[in-house]
There are 2 protein chains.
Amino acid sequence: MRIGELARRSGLSRDTLRFYEKQGLIESRPGAEATNSYRDYPEEALITLDQIADAQAAGMSIADLAMLMGQLQAADPDGFDGEAFLDARIAEVEARVTRAERFLDSLRQARAALAATPVLR
Amino acid sequence: MRIGELARRSGLSRDTLRFYEKQGLIESRPGAEATNSYRDYPEEALITLDQIADAQAAGMSIADLAMLMGQLQAADPDGFDGEAFLDARIAEVEARVTRAERFLDSLRQARAALAATPVLR
DNA sequence: CAAAACCATGGAGTTAAGTCAACGGTTTTG
DNA sequence: CAAAACCGTTGACTTAACTCCATGGTTTTG
């Protein structure tokens, strides 16, 4: 599919998609039609984009994500320690989730306190 | 305590602390000693800073946090709908945590896959 | 009491992640 | 087939959250 359709279906802007592609997060075949230079995205790009959203929600930077996607599926070329890298990311994300859940609890408590206050304190 | 001590104990830079104060996230009494203009932070600033870290891990912006802290404890002055605001934040954070956990799962799977690969595929 | 260590303010600079604008080709459509 | 709708590239701009720097007071310390 072309960039416009992917943008509509993913909810991202065309600019964002081109940006992600430049960063190596998604890929497109250069238009099979030869005559133009339009990008052609496979259906699975939508899945990848959803996973990118998950990663961003977990606080991952695009640079780290590109590192992950590039290095991990490249079957561990040479001196890249995938296990150590993954372990570090996992620890970071776990810490983040723990903090986020603690915050969520306090938000819920604040909400309950508000609800329990009829009109004035 | 003065800014240097708070910085050491919180792990944040003095600049960050002054920045947070300017944004209304933390408060200090202007030095009781009168002669200088040094900030004087109460012990609880450390707790507040930890909560701020939780909120940031949950994806809250400083602007939203300032809004929360300012409006909510100001006993709902006038036209500010605290319940709606809280409900919106809660929904956002829940969605974020869900996504983050999904990402964490895939990280763990990737890790397990790596561990299961002795030397070559 | 002088040097070192701290603090303040104001403003410029940085980084990440997009976003926008300008200009010029390609496709689609009425 | 001409206008509308798409697409491409390059490069400048934006926003959030800091970070750095310069300049000049205040405290602490040996």
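Numbered from 1 within each chain, the chains take letters A, B, ... in sequence-line order.
- Of the listed residues (B:R2, B:E21, B:R29), just one forms a side chain to side chain donor-acceptor pair (under 3.5 Å) with B:Y41, and that residue is B:E21.
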Item to check | Sugar-phosphate or base contact per nucleotide [nucleotides 13-23 of chain C; S, B, -; heavy atom under 4.0 Å] | outcome: ----SSSB---

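- Separating the OH atom of B:Y41 from the P atom of C:dA8 is a distance of 7 Å, rounded to the nearest angstrom.
- Considering every non-hydrogen atom in both A:V93 and B:A100, the closest pair reads CG1-O, 4.2 Å.
- Between B:R14 and B:R39 the shortest side-chain heavy-atom distance does not fall below 4.5 Å.
- Between the P atom of C:dA8 and the CZ atom of B:R29 lies a distance of 14 Å, rounded to the nearest Å.
- In this structure, CG of B:L17 is placed 12 Å from C1' of D:dC18, rounded to the nearest angstrom.
- The C1' atoms of five pairs define one axis at each end of the helix from C:dC1-D:dG30 to C:dG30-D:dC1, and these two axes lie 10° apart (to 10°).
- Rounded to whole Å, atom P of D:dA16 lies 14 Å from atom CG of B:L65.
- Here A:N36 does not reach the OP1 or OP2 of D:dG8: none of its side-chain N or O atoms lies under 4.0 Å away.
- Between the CG atom of B:L12 and the C1' atom of D:dC20 there is a distance of 17 Å, rounded to whole Å.
- You'll find the side chain of B:M69 reaches within 4.5 Å of the side chain of B:T48, heavy atoms only.
- Of the charged side-chain nitrogens involved, none lies within less than 4.0 Å of a carboxylate oxygen, so that B:R8 and B:E5 do not count as a salt-bridged pair.
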Sequence neighbours left out, cut at 3.5 Å: what donor-acceptor pairs do the side chains of residues 55-68 of chain B make with other protein atoms?
from  : atom 1 : to    : atom 2 : distance (Å)
B:Q56 : NE2    : B:Y20 : OH     : 3.1
B:S61 : OG     : B:D64 : N      : 3.1

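- Nearest heavy-atom pair across A:S10 and A:L49 is CB-CD1, 3.8 Å.
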For nucleotides 13-15 of chain D, which of its nitrogen or oxygen atoms have a protein nitrogen or oxygen under 3.5 Å away, and what is each distance?
none

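- Contacts classified as side chain to side chain donor-acceptor pair (under 3.5 Å) and involving residues 106-115 of chain A (residues at least two apart or in different chains) are given here: A:R108-B:E94, A:R111-B:E83, A:R111-B:D87.
- Rounding to the nearest 0.5 Å gives a distance of 11.0 Å between CZ of B:F19 and CD1 of B:I26.
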Checklist outcome for this item: Scoring nucleotides 1-7 of chain C by protein non-hydrogen atoms under 4.0 Å (B base, S sugar-phosphate only, - none) yields -----BS

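- Closest non-hydrogen pair, B:A110 versus A:L86, comes out as C-CD1, 3.7 Å.
- Ion pairing between a basic and an acidic side chain is recognised when a charged N comes within 4.0 Å of a carboxylate O; A:R102 and A:D105 show no such pairing.
- Side chain of A:D40 to backbone of A:M1: a donor-acceptor contact under 3.5 angstrom is found.
- Remark: the backbone N or O of B:D50 is paired with a side-chain donor or acceptor of A:R99 at under 3.5 angstrom.
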